[in-house]
Number of protein chains: 2
Amino acid sequence: MGNRVPTLEDVAREAGVSRATVSRVVNGVRNVSPDIQRSVRDAIARTGYAPNQAARSLVTRRTGAAALVLSATDGAFAARVFSDPFFGRVVDGVLPVLRERAIQPVLLVAESERARTQLVEYLRRGGADGALVVPLDDEDPLPAMLAAAGLPTVLFGRPRDGERYGFVDLDNDAGARLAAEHLWATGRRRPATIAAPVTAPAAAARLDGFRRALAARGVTDVPVVRGRFTVDSGRRAMAELLRDHPDVDAVFAANDLMAEGACQYLRERGVDVPGAVAVVGFDDSAAARRSRPRLTTVRQPVERMAAALAGLLVEELEGTRTGPASRVFEPVLVVRGSA
Amino acid sequence: MGNRVPTLEDVAREAGVSRATVSRVVNGVRNVSPDIQRSVRDAIARTGYAPNQAARSLVTRRTGAAALVLSATDGAFAARVFSDPFFGRVVDGVLPVLRERAIQPVLLVAESERARTQLVEYLRRGGADGALVVPLDDEDPLPAMLAAAGLPTVLFGRPRDGERYGFVDLDNDAGARLAAEHLWATGRRRPATIAAPVTAPAAAARLDGFRRALAARGVTDVPVVRGRFTVDSGRRAMAELLRDHPDVDAVFAANDLMAEGACQYLRERGVDVPGAVAVVGFDDSAAARRSRPRLTTVRQPVERMAAALAGLLVEELEGTRTGPASRVFEPVLVVRGSA
DNA sequence: TTGAAAGCGCTAACAT
DNA sequence: ATGTTAGCGCTTTCAA
């Protein structure tokens, strides 16, 4: 037996109609009489027909897929992405929006120079109709590459070059301020911060926001140690902080993972949290709830932001909106046990 | 100006040659004189041409992409995948193999019934040339669906229905035995185990292997508590174990995350690890090195296994091999501080 | 409501 | 070494 994959033609012959009619049924176009619809559906079932996406795309110029791109310029990529709950939350937020519209979400990772090139090539050729990009680095060239390739692109996090893309972002400055004000209000006068890598998106905003809010209260010498968003780096940063500034009474970390690491280190050294040192995290991820004590943290509504991001792309693809649009979300302070 | 995307035709006209010649240059076929190659390349650069994948796929019946499918039948999917270092290691292992051959890796997640259906549809239509599937559940119908759709499919972990697919797997039984023998050899006589969910792939093998090895030494009543592969579930399991069997002197957890949780709980309760209770993990993931004390664990060479898995698929796609093939890796015990 | 036919952009067989 | 040409399987006018 010919092991050929069945085509529209086969279904048409089987059902005794034209290709056009089968196509209409498959694509749910009305103006097809009910009985013909039935017989076509039967023929489809009998033949096991599935549309050929290549042929379809060739004429519609659509793939029905949207790329969710995780991009970083440094190494240790997968280790980071697959251990920070943040990315899972992004995925959780994006999926339902796309699924609802039967847009296939495809995750693409750009872990190296070569990967970026291949990825852009892939998308230029028509791998997906648009891209949702989560840049892990402010200097990431990928968004610009995608835009240059003419691909509808939206970003998680405000890009440096402002308004060329649609994006969603958090008011990071306000978030850092919430942390600072809470620590101040609870009597902390010698706060330090475990900041993000200099090139991390949002890093500057969280650090500056924290410093400014404290400066407004007369605290100008806030110790800063950089972490790398991981539990381990938070632990090491805390060790450094404790060594160089044994009198700190509060720590604001740029994400929950580092705050968790800080708590771990403090507890191991017998330093009471929050008694001796208060710790505030950022994100309100799963790490905030599993940490001991549970973390007081600045909540970033990642799932809602990701859903909005997907919505932005969908609008662009559907032509509902034309220019780039953006949306900024407000953080909320969640007080738990650590501060 | 006509905002049309340039096609082969445009490049051909620009270079003053035929479409076929341009195609040859683009696809790196020899038999094209150097000077013509140059002028074609120039024309490509000038026009900004990129091949249309749909048109290409239509004739080659290839997409140049391979899917890495993460599939689960229960909820809390993204939270699991994006916090267990295991999946990052799989990605790390797969990427280089695919990149090297310029095969685009696309990550697909099947988090629900609907997602599975859409995903299979997508792949049937030609979303990728083959699939690397990491099933999180033994009863996952996805592999069978993909196979039924005629898509080349290989699995991480031996499937229940044996030899219908190519797969890579670890000798989990041997791994569990290593753990049991180490605990026995170091004088532990009242071991317990934190097992995986009943439907988890490899779960049965690790549990049975542990039991059998101990039974051979006369220990037949090994307490078992089920965890869910997370730190938290490991912590809770340990609490349960300690409550119901206060005399346990060793714990074998089915992965490092649960072992980490067990250690955390024990330390919080002031139980010395490994003094009072020895803990052995499984995987040798990043969690093993960050845990305190560092975990003694059964090493699973996930990256190498994932690379081999990708190799299996590549062979199948290239026609180098025909029937399903499989490869089973041997575990190694890594002794650190926890046992 | 249905069918006929053109054509999307490319590769590959064949001809030169 | 290069060109000509016939499709790949589908959607979408346009006619009927």
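Reminder, nothing fancy here: chain letters follow the sequence lines and each chain counts from 1. What you see below is based on every heavy atom in this structure, not just the backbone, and it leaves out hydrogens, waters and symmetry mates.
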So that I know where these two stand, are A:F156 and A:F87 an aromatic pair - ring centroids less than 6.0 Å apart? no
Between [Y] and [X], is there a side-chain donor-acceptor contact under 3.5 Å, judged purely by atom types and distance?
X	Y	value
B:T47	B:D10	no
B:D140	B:S71	yes
A:T63	A:D129	yes

If I take atom [atom1] in residue [X] and atom [atom2] in nucleotide [N], what distance separates them, rounded to the nearest angstrom?
X	N	atom1	atom2	result
A:R124	C:dG9	CZ	P	15 Å
A:D10	D:dC10	CG	C1'	13 Å
B:N52	D:dC10	CG	P	16 Å
A:L58	D:dT11	CG	P	11 Å
A:E9	D:dC8	CD	C1'	13 Å
A:R62	C:dC8	CZ	C1'	16 Å
A:R13	C:dG3	CZ	P	14 Å
A:N31	D:dA16	CG	C1'	15 Å

Establish, with yes or no, whether the OP1 or OP2 oxygen of [N] is under 4.0 angstrom from a side-chain nitrogen or oxygen of [X].
X	N	answer
A:T21	C:dG3	yes
B:S33	D:dT2	yes
A:S18	C:dG3	yes

Pair B:V133, B:L146 - check side-chain contact (heavy atoms from CB on, under 4.5 Å), show working. CA-CA 10 Å; B:V133 183; B:L146 292 174; 3.7 Å; yes
Salt bridge or not for B:R89 and B:D92, using N-O below 4.0 Å? no
Cationic N near anionic O, under 4.0 Å, A:R38 to A:D35: no
For the residue pair B:F82 and A:F82, categorise the inter-ring angle as parallel (less than 30°), tilted (30 to 60°) or perpendicular (more than 60°). parallel
Applied to residues 94-109 of chain B, the side-chain hydrogen bond (donor to acceptor under 3.5 Å, both in side chains) test, sequence neighbours excluded, yields A:E111-B:R99
Among D:dC8, C:dG3, D:dT2, the one nearest B:R61 by side-chain distance: D:dC8
If each end axis of the helix from C:dT1-D:dA16 to C:dT16-D:dA1 is fitted on five C1' pair positions, the angle between them, to 10 degrees, is 30°
Its contact letters, B for base, S for sugar-phosphate only and - for none at protein heavy atoms under 4.0 Å, make nucleotides 11-16 of chain C read BBB---
